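First comes the structure, then the notes that go with it.
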Amino acid sequence: MAEPTIEMDREEVDQFLGTSGTGVISLSTTSADPPHSVPVSYGYDVEEGVFYFRLAVGPDSEKGELGGRPVSFVTHDSVDERYQSVVARGHLSDIEEEQPQEALEGLERVHIPLFDIFGQQPGTVEFEFVRLVPDELTGRKEQATRT
C-alpha cells in the first residue's frame, strides 16, 4: 500500500532540487495533440527560484518554438527511502531575448548536466538555453508513518 503524501515547504523543495538534476518537461501543443514530453537535465537557481534548461533544437527537433510556450516540468527521486517529487508550471522564456544579464547571472549559479542521448557528439547538437520562472511550484513527499 502506498504511503500517504504531504506537501513540501519551499525550503524542502529548494533542498530537493539542489542546483541540478533530471526530469521530464512537457511542452504545450494544440488542443488535439498530447503534450510533447521529453526527459531533460535542468539547473535550478535557488536564489531566484528559476529553472534553466539546455534543450536540443534544430531542423529535426519536434519541440518547435520554445519562447513563451506553456510547460510543466516534473522531477522525482527517492530520498531516505521515501518518494519525493516537484512539479513546476509556467512559460519558457528565451534567455537571450528576455533579461539576458539576469539570466546569465542565474546560469552562473547552476550546473546543467550534459548527457549524450542524441546518438551523436554533443558538440554537433544545436542547443537553446531557456528558463522557467514557475507560476506554480509544488513539492510532495511520502509521509513517515509510525509503526
Side-chain angles (χ1 to χ4, degrees), residues 2-3 5-80 82-143:
E3 297 283 337
T5 59
I6 57 173
E7 294 291 320
M8 296 163 61
D9 64 28
R10 182 58 185 259
E11 186 176 311
E12 291 173 306
V13 167
D14 288 346
Q15 183 177 1
F16 174 76
L17 292 171
T19 59
S20 66
T22 59
V24 174
I25 194 167
S26 296
L27 300 124
S28 67
T29 57
T30 65
S31 61
D33 294 325
H36 180 74
S37 299
V38 292
V40 295
S41 53
Y42 70 88
Y44 179 68
D45 179 5
V46 174
E47 187 174 308
E48 298 292 329
V50 175
F51 292 88
Y52 290 89
F53 303 98
R54 179 192 306 113
L55 301 177
V57 295
D60 296 332
S61 175
E62 297 178 37
K63 292 179 202 71
E65 188 65 34
L66 297 172
R69 192 103 164 258
V71 300
S72 62
F73 172 70
V74 178
T75 184
H76 62 88
D77 203 354
S78 180
V79 177
D80 297 329
R82 300 225 180 259
Y83 176 82
Q84 294 185 10
S85 65
V86 170
V87 176
R89 292 181 180 88
H91 293 78
L92 292 180
S93 62
D94 183 332
I95 65 171
E96 293 178 10
E97 293 178 9
E98 299 179 23
Q99 303 172 337
Q101 184 59 39
E102 180 183 322
L104 289 175
E105 291 169 1
L107 272 171
E108 290 177 4
R109 292 187 291 265
V110 304
H111 168 73
I112 303 173
L114 181 60
F115 299 101
D116 183 10
I117 61 169
F118 302 101
Q120 55 189 352
Q121 294 294 325
T124 64
V125 177
E126 184 180 347
F127 291 100
E128 186 174 322
F129 286 94
V130 293
R131 71 184 195 153
L132 169 61
V133 179
D135 296 328
E136 183 181 344
L137 182 64
T138 57
R140 297 182 67 109
K141 63 182 179 179
E142 279 185 311
Q143 180 175 325

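Every value quoted in this text rests on a predicted model; they were computed, and no experiment measured them.
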Among residues at least two apart in sequence or on other chains, which ones pass ring-ring contact (aromatic ring centres under 6.0 Å, His included) with F16?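 For F16 there are no ring-ring contact (aromatic ring centres under 6.0 Å, His included) partners, ignoring immediate neighbours.
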H91: partners by ring-ring contact (aromatic ring centres under 6.0 Å, His included), with sequence neighbours left out: none
Show the nearest heavy-atom pair for residues [X] and [Y], with the distance to one decimal.
| X | Y | result |
| --- | --- | --- |
| G18 | V46 | O-CG2, 3.7 Å |
| S37 | V24 | CB-CG1, 4.0 Å |
| Y44 | L137 | OH-CD2, 4.0 Å |

Given 3.5 Å as the limit, does a donor-acceptor pair link the side chain of [X] with the main chain of [Y], or not?
| X | Y | result |
| --- | --- | --- |
| T29 | P34 | yes |
| E142 | Y83 | yes |
| D80 | R82 | no |

Quick one: are V38 and V40 in side-chain contact, heavy atoms under 4.5 Å?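 SC-SC contact between V38 and V40 confirmed.
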When you compare the side chain of E11 with that of D14, does any pair of heavy atoms fall below 4.5 Å? no
Pairwise distance [atom1]([X]) to [atom2]([Y]) - rounded to 0.5 angstrom:
| X | Y | atom1 | atom2 | answer |
| --- | --- | --- | --- | --- |
| L92 | R131 | CG | CZ | 11.0 Å |
| D135 | S72 | CG | OG | 12.0 Å |
| S28 | R69 | OG | CZ | 5.0 Å |
| S41 | L55 | OG | CG | 8.5 Å |

Using the test salt bridge (charged side-chain N to carboxylate O under 4.0 Å, His left out), find all partners of E136 that sit at least two apart in sequence or belong to another chain. R89
Between Q84 and H76, is the side-chain contact (heavy atoms from CB on, under 4.5 Å) condition met? List the steps. CA-CA 6 Å; Q84 294 185 10; H76 62 88; over 6 Å; no
Among V71, L27, I25, find the one that has a side-chain contact (heavy atoms from CB on, under 4.5 Å) with H36. L27
Parallel, tilted or perpendicular: which one describes the rings of F51 and Y42, with boundaries at 30° and 60°? perpendicular
